[in-house]
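The block underneath contains the structure these notes are about, expressed in structure tokens.
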Amino acid sequence: MSAAMAPRPDHAREVKYALTDVRRVCEETGLITDRASFMRQAAGVIVRCPWHEERTPSCSVRLLNGQIAVKCHGCGTGGDVLSLIAASRGLSTARDFREVLRAGAEMAGLWDIVSELDGTAAATDRPVRPAFVAPPPEPEREYPAADDVRALLAACVPVTEDDEVAAYLTGRAVDPELVAADGLALAIPAGSRLLGRTWGYKGRSWAETGHRLLLPVRDVLGDVRSVRAWRVTDGESPKRLPPAGYKASGLVLASPMAVAILSGRRPAERVLIVEGESDFLVAATWRLSRPTAVIGVQSGSWTPAFGARFRPGTEVLIWTDRDRAGDGYADEITRSLAPRGCRIGRWCREAA
């Protein structure tokens with residue numbers, strides 16, 4: 001038996017270049033357990049963050065320049081595949097680096113490194129790892145085709161014309177009449193035939209899975225670029241879904257006044273930014289004493305370009321959950337608005 005070897009920089013480098021299968025790494029670290037535990041993205045997945053508690057996935061894990069890169073859009077924490085392994089096992093790369101590196105080497109099948117770190121002879125019956133071949137980079141995803149989105153929305157009806165959707169909204173203290181009046185959401189009629197995998201989940205259309213409440217999402221100019229589908233019936237599928245295989249970041253929910261601000265038809269004076277589709281519909285149907293634009297964000301929605309649509313002196317209230325994800329959203333928005341001289345306030349709600 002030889003003496004255990006201290007970790008070397010080339011050990012870490014070899015482990016990081018060997019662990020390039022994002023899906024398998026996330027499964028072996030317990031971050032992917034079922035379909036509801038992740039969302040696909042270009043060159044990787046979005047999972048629930050291993051550094052903070054959250055209800056919906058906001059942590060990006062993807063292959064970048066031949067290595068796994070990690071970044072949580074909720075709490076801002078990030079790193080590499082070793083950071084991910086450490087967080088998933090309650091370890092620290094600074095304090096427990098040998099243990100983290102050994103776990104990564106074992107996951108990659110690098111038994112020579114495992115043996116060196118343990119100070120043991122290499123076992124001959126351990127599985128041989130395949131040679132590393134960097135996969136070709138996946139192209140950046142785009143939004144659904146504008147004509148396809150328009151056709152989908154044209155096939156929908158006002159939420160007041162669908163009893164099941166209207167009852168669902170009423171049960172969540174949202175007035176369907178106000179939703180319909182402001183065009184905040186539409187209903188896919190029950191039994192509709194939606195063609196293609198874009199408007200569906202695991203081979204079934206949104207009409208079949210119960211995702212019949214559609215919320216248009218808009219870009220920085222206020223144009224509708226995609227939708228969010230909301231399940232209004234019981235089921236095992238994710239509660240809310242973007243179109244399958246398409247980019248979902250950089251888009252927000254917007255009330256009519258917010259659309260006017262983003263499109264440049266009206267200056268921003270008072271804006272309420274809320275977290276999630278549910279709170280967006282609640283806030284957008286409030287009839288406040290002062291004119292207030294309402295914008296809804298989720299993971300990956302907000303970019304500095306949205307802040308550039310607000311003029312100096314705009315009053316901005318940020319309404320998020322009181323958790324690390326909500327704090328992350330609020331911090332990101334504040335960083336983009338504070339230099340513009342906006343007056344920013346925060347309203348927190350205890351996370352469920």
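In this text the structure is predicted, and so the values were computed from the model without any measurement.
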key: Interatomic distance, L82 atom CG to L84 atom CG [nearest 0.5 angstrom]   = 9.5 Å
inquiry  = Test of understanding: clusters of I, L, V, M, F, W, Y form through side-chain heavy atoms closer than 4.5 Å, transitively. Do L64 and L31 belong to the same one?
reply    = no
query = Does any N or O in the side chain of E14 come within less than 3.5 Å of the main-chain N or O of H11, such that one atom is a donor and the other an acceptor?
reply = no
ask   = Do F38 and P57 touch side chain to side chain, with heavy atoms closer than 4.5 Å?
value = no
query = Do the non-hydrogen side-chain atoms of T314 and E269 ever get within less than 4.5 Å of each other?
reply = no
task = Tell me, with the steps shown, if V61 and I46 meet side chain to side chain contact (heavy atoms under 4.5 Å, CB included).
result = CA-CA 6 Å; V61 185; I46 299 176; over 6 Å; no
inquiry  = Looking at S58, is its backbone amide N or carbonyl O close enough to the side chain of E54 to form a donor-acceptor pair, meaning the two atoms are under 3.5 Å apart?
reply    = yes
request  = Apply salt bridge (charged side-chain N to carboxylate O under 4.0 Å, His left out) to the pair R218 and D223, showing each step before the final yes or no.
outcome  = CA-CA 5 Å; R218 300 174 182 269; D223 294 328; over 6 Å; no
request  = With the side chain counted from C-beta on, respond yes when R231 and T209 share a heavy-atom pair under 4.5 Å apart, and no when they do not.
outcome  = no
message = Check whether S301 reaches the backbone of Q298 with its side chain - one donor and one acceptor, N or O, closer than 3.5 Å.
response = yes
task = Say whether T320 and R346, considering side chains only, have a donor N or O and an acceptor N or O under 3.5 Å apart.
result = yes
ask   = What is the minimum heavy-atom distance between I68 and L63, and which atoms define it?
value = N-CD1, 3.9 Å
inquiry  = Side chains of W302 and S336 only: does a donor on one sit below 3.5 Å from an acceptor on the other?
reply    = yes
inquiry  = Keeping S255 on the side-chain end and V294 on the backbone end, is there a donor-acceptor pair under 3.5 Å?
reply    = yes
message = Tell me if a side-chain donor or acceptor on D321 pairs with a main-chain N or O of D323 at a distance below 3.5 Å.
response = no
ask   = Sub-3.5 Å donor-acceptor pair from the side chain of D219 to the main-chain atoms of L221, do we have one?
value = yes
task = Only counting residues at least two apart or in another chain, list the ones meeting ring pair (Phe, Tyr, Trp, His ring centres under 6.0 Å) with W319.
result = W286, W347
inquiry  = Between the side chains of D21 and R62, is the shortest nitrogen-to-carboxylate-oxygen separation below 4.0 Å, so that they form an ion pair?
reply    = no
inquiry  = Side-chain heavy atoms nearer than 4.5 Å, only ILVMFWY residues, links allowed to pass through others: does that put W199 and Y143 together?
reply    = no
message = Does any part of the side chain of V70, heavy atoms only, come nearer than 4.5 Å to the side chain of S83, both counted from C-beta?
response = no
Reported CD1-to-CZ distance for the pair I295 and R309, which is rounded to 0.5 angstrom = 10.5 Å
ask   = In the single-linkage hydrophobic clustering (I, L, V, M, F, W, Y; side-chain heavy atoms under 4.5 Å), do L251 and I333 co-cluster?
value = no
inquiry  = Is there a side-chain contact between P267 and I261 in this structure, where contact means two heavy atoms from C-beta onward sitting under 4.5 Å apart?
reply    = no
ask   = Do W206 and L214 pass the side chain to side chain contact (heavy atoms under 4.5 Å, CB included) test, and can you show the C-alpha distance, the side-chain angles, and the key distance before you say yes or no?
value = CA-CA 10 Å; W206 283 343; L214 287 192; 3.8 Å; yes
task = Say whether, by atom type as modelled, one donor and one acceptor occur between the side chain of S192 and the main chain of I188 under 3.5 angstrom.
result = no
message = Test side chain to side chain contact (heavy atoms under 4.5 Å, CB included) on R212 and W230; report intermediate values, then the result.
response = CA-CA 6 Å; R212 297 200 299 106; W230 191 340; over 6 Å; no
key: Closest non-hydrogen atom pair, L169 against P176   = CB-CG, 4.2 Å
remark   = Heavy-atom closest pair (C342 atom, R311 atom, distance to 0.1 Å) is SG-O, 3.9 Å
query = Can you list the steps and then say if R24 with M107 is a side chain to side chain contact (heavy atoms under 4.5 Å, CB included)?
reply = CA-CA 10 Å; R24 185 173 71 85; M107 189 181 299; 4.1 Å; yes
ask   = Are E53 and R48 ion-paired here, with the side-chain N under 4.0 Å from a carboxylate O?
value = no
inquiry  = Would you compute the distance between atom OG1 of T285 and atom CG of L178 and round it to the nearest 0.5 angstrom?
reply    = 6.0 Å
remark   = Heavy-atom closest pair (G104 atom, L19 atom, distance to 0.1 Å) is O-CD1, 3.7 Å
ask   = Atom OG of S92 and atom CD of E99: how far apart are they, to the nearest 0.5 Å?
value = 11.0 Å
query = If you draw a 6.0 Å radius around CG in D163, do more than 12 non-hydrogen atoms from other residues or ligands fall strictly inside?
reply = no
ask   = Any chance the side chains of H73 and E332 put a donor and an acceptor closer than 3.5 Å?
value = no
ask   = Do NZ/NE/NH1/NH2 and the carboxylate oxygens of E142 and K247 come within less than 4.0 Å?
value = no
ask   = Is any side-chain heavy atom of Q67 less than 4.5 Å from a side-chain heavy atom of T20?
value = no
query = Is the shortest heavy-atom distance from the side chain of Y329 to the side chain of I318 under 4.5 Å?
reply = no
message = What I want to find out is whether R102 reaches D118 closely enough, with some N-O distance under 4.0 Å, to be called a salt bridge.
response = yes
message = Regarding R290 and E315, does a basic nitrogen lie under 4.0 Å from an acidic carboxylate oxygen?
response = yes
query = For A105 and V114, which heavy atoms make the closest approach, and how far apart are they?
reply = CB-CG2, 3.8 Å
ILVMFWY network linking V217 to M39, side-chain heavy atoms under 4.5 angstrom = no
request  = State the CZ-NZ distance between R228 and K239, to the nearest 0.5 angstrom.
outcome  = 13.0 Å
message = Are V227 and L152 packed together at the side-chain level, in the sense that at least one heavy-atom pair is separated by less than 4.5 angstrom?
response = yes
query = Under 3.5 Å, is there a donor-acceptor pair between the R172 and S278 side chains?
reply = yes
query = Taking atom types as modelled, is there a side-chain donor on T292 or R270 under 3.5 Å from an acceptor on the other?
reply = yes
ask   = Any chain of hydrophobic side-chain contacts (each under 4.5 Å) joining L241 to L215?
value = no
task = Give, for atom CG of D162 and atom CG of L186, the distance between the pair rounded to the nearest 0.5 Å.
result = 11.0 Å
message = Looking at every heavy atom in both L262 and A254, which two are closest together, and how far apart are they?
response = CD1-CB, 4.4 Å
